[in-house]
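These values consider heavy atoms only, across backbone and side chains, with no hydrogens, waters or symmetry-generated copies.
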Amino acid sequence: MKPIRHFLAALGLSVALTPAHAGEVEVLHWWTSGGEAKAMGVLKEMMEDQGHTWKDFAVAGGGGEAAMTVLKTRAVSGNPPAAAQIKGLDIQEWAKLGFLTSLDDVAEKANWGQVLPPVVSDTMKYEGDYVAVPVNVHRVNWLWVNPDVFEKVGVEVPTTLDEFFAVADKLKAAGVIPLAHGGQAWQDATVFEAIALAELGPEDYRAAFVNHDMDVLSGPKMVEALTKFHKIRDYIDPNAVGRDWNVATQMVINGDAAMQIMGDWAKGEFTAADKVAGEDYLCVPAPGTQGSFTFNIDSLAMFKLSDADNEKAQKDLARTILEPEFQTVFNKAKGSIPVRTDIDMSGFDDCAQASMDAFKKTSDTGGLVPSMAHGMSTTSAVQGQIFDVVTNFFNRADADPEETAERLASAVQSAL
Amino acid sequence: MAHIGAASEATPQRPRVRLTQHLQHWLPKLALAPTAVMALVGIYGFMIWTGVLSLTGSTFLPSYEFVGFEQYAKLFANDRWVTACTNLVIFGVLFIVSCLAIGCFLAILLDQRIRNEGVIRTIYLYPMALSMIVTGAVWQWILNPSLGLEKLMHDWGWTSFKFDWLTDPDMVIYTIVIAAVWQASGFVMALFLAGLRGIDGSIINAARVDGASLPRIYLRIVLPAMRPVFFSSVMVLAHIAIKSFDLVTAMTAGGPGYSSDLPALFMYAFTFTRGQMGLGAASAMMMLAMLLAILVPYLYSELRGQRNG
């Protein structure tokens, strides 16, 4: 009898509670690979615990190009999902077109202004209103190192660009590929960004890639950064053209290559190969970028909805994403770090803890800069133009850094 | 009696007859109407819409804020577009000329009444059965220095052998020509072979009686008679060249850098992934203009030929 009574009580409760705030929340995302899907499952569960219906709108395809096409169609026809995975400056574009809703009431209640670093919250705002929720932070300026290779050759892990080139020469002489790289435009840009940050410093980096200061873009420091970037060519293998980033990471894992400059999603590859951070592989800041942190934030933008219940569910979703519980579980599964600076990091691995330390420190010192290569610092139009110039420069043996710096400035100008 | 009966009955039936007649008249038109509407909207409607978009400042959604010919100015100032167009010229000319030469040569060889012609013809035509994506992937493996030809030669002991066009920004476009020619020359051969078989044997015999050598017969009599085949081959090859997208995507994805970019790839990247729909539309209009530049003179010559003939 008892189970039945429990069941009836539960039924009665659910009937009594459900109509009060049952809404449907539809989320467009492309987190479909193993760890990512698991992380999203957590969010689904948490929303269902609050009585809402979760409608998954997952469109496969890592870069989300297919998903964006679907989203545009639905938004234009007046039937957008509650939330969609949109990041960086694209949030501003969508908000400018009037598709996004304001989350200020949620933000005020949950005190987002206190827990989020201003650089992060600024990206989520359009004209002072929150229109998107940050989900996680990736650090892009990492150098992944295979310590066994370094030991065998007898060199130290480099901390500056000059050291890097000296070490790379020795590694090359010992028959190891010094830097694993994949010759795709975004990977070229990721490496260039790390070197530009080391040469320019966070101030000028921001001037160049966020504010598009033409003098900095074509200035002597940029020429120097381009020269050093071009020098990297000597330390990667000639077959890098078109190689995927995870294949390059695999080269570091196998010991064919000694290092890789890549964001912290590379950690997933090491973990999948049963490697332990700090023992089998090291994560150190990219040479010359110790005091800085290039961030890549995944976020969900919230669309204007017509149904009041669904709107309530949407607000609950926004609140839930930034709650410490979700931030911890999700980021452990995805390999990134929480966007909140007040979360207990004891359960995370070495790299994530180091990343969090740097994230907190740099958000105070001004070393926290948005990633150009991952669409955080500028619009996709400008980013595309920079990609073109950078990748074309990197792939030509005889390219001239000074001329390229000029071209970089004019390319950015043309896309503004 | 029967006749009168039929006549008296015919009067009330007349509207029905007219209806069937009307139906007979209208039914084909009705049946074709959806197709016509689809064609008008789907082809010409969208063509005009793309033209309109190319004059606006559309970013990642269409907007109707007109900016005149600014997108076209931006397009021609864009180094990547210039590279794409240069590549198209190199690719198009080499592709068409090589396909015609190889296809024609193979057809002449096959035309010599040899044994097993059917088998050989099938082998030559076979690459056409593969999709461009497959062709691209296979040739990428063959030409990749660390996997294919170069490695094979090194493994066989010829260590100084070097063939790294696929990773050389200046040479990469020629690797695409190689793959595309491999794919399409069998098709051109089939067209030419059909043309050769259509030539009246008595003319050739007459020439032979006059003492003309075989190469001379081909150069002076057969090939000039194949003008229509030449024309249709060029038309088909030219449009394959201008719209070629999948081959490059599979082989090089436009790289290294953007050195093997083609206009179709450029259009897709800017319209759909870079959020510069206006610029993408302008590049699409330029591709249309390229096609028209080839098509209009051809149609003109064809139509004029019919009127005179």
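Listed in order of number, the residues of residues 394-407 of chain A that approach chain B to under 4.5 Å between heavy atoms are A/Asn395, A/Arg396, A/Arg407. Residues from residues 75-93 of chain A that place a non-hydrogen atom less than 4.5 Å from a non-hydrogen atom of chain B comprise A/Val76, A/Glu93, given in numerical order.
B/Gln276 CD to A/Thr379 OG1: the interatomic distance, rounded to the nearest 0.5 Å, is 7.5 Å.
Other residues, nucleotides and ligands contribute over 12 non-hydrogen atoms within 6.0 Å of the CZ atom of B/Phe161. Counted within 6.0 Å of OH on B/Tyr126, heavy atoms from surrounding residues, nucleotides or ligands total 12 or fewer; the atom is thus considered open. When the shell of 6.0 Å around CE of B/Met38 is examined, it contains 12 or fewer heavy atoms from other residues, nucleotides or ligands. Counted within 6.0 Å of OH on B/Tyr64, heavy atoms from surrounding residues, nucleotides or ligands total more than 12; the atom is thus considered enclosed. Atom OH of A/Tyr126 is surrounded by more than 12 heavy atoms from other residues, nucleotides or ligands within 6.0 Å.
For the pair B/Leu61 and A/Phe99, the minimum side-chain heavy-atom distance is below 4.5 Å.
Heavy atoms of B/Asp261 lying under 4.5 Å from chain A are absent altogether. Residue B/Asp164: no heavy atom, backbone or side chain, is found under 4.5 Å from chain A. In this structure, chain B has heavy atoms under 4.5 Å from both the backbone and the side chain of A/Asp388. For a residue to count as touching a neighbouring chain, one of its non-hydrogen atoms must lie under 4.5 Å from one of that chain's; by this rule B/Thr59 touches chain A with the side chain only. Contacts of B/Arg274 with chain A are made by both backbone and side-chain atoms, with heavy-atom separations under 4.5 Å. Contacts between A/Ala185 and chain B at a heavy-atom distance below 4.5 Å are absent for every atom of the residue. Of the two parts of A/Gln385, the backbone and the side chain both hold a non-hydrogen atom closer than 4.5 Å to a non-hydrogen atom of chain B.
Shortest non-hydrogen contact noted between B/Thr167 and A/Pro238 is CG2-O, 4.0 Å. Listed here is the closest heavy atom pair of A/Ser414 and B/Lys74: O-CE, 3.0 Å.
A side chain to side chain contact (heavy atoms under 4.5 Å, CB included) with B/Pro256 holds for exactly one of A/Val241, A/Asn392, A/Thr391; it is A/Val241.
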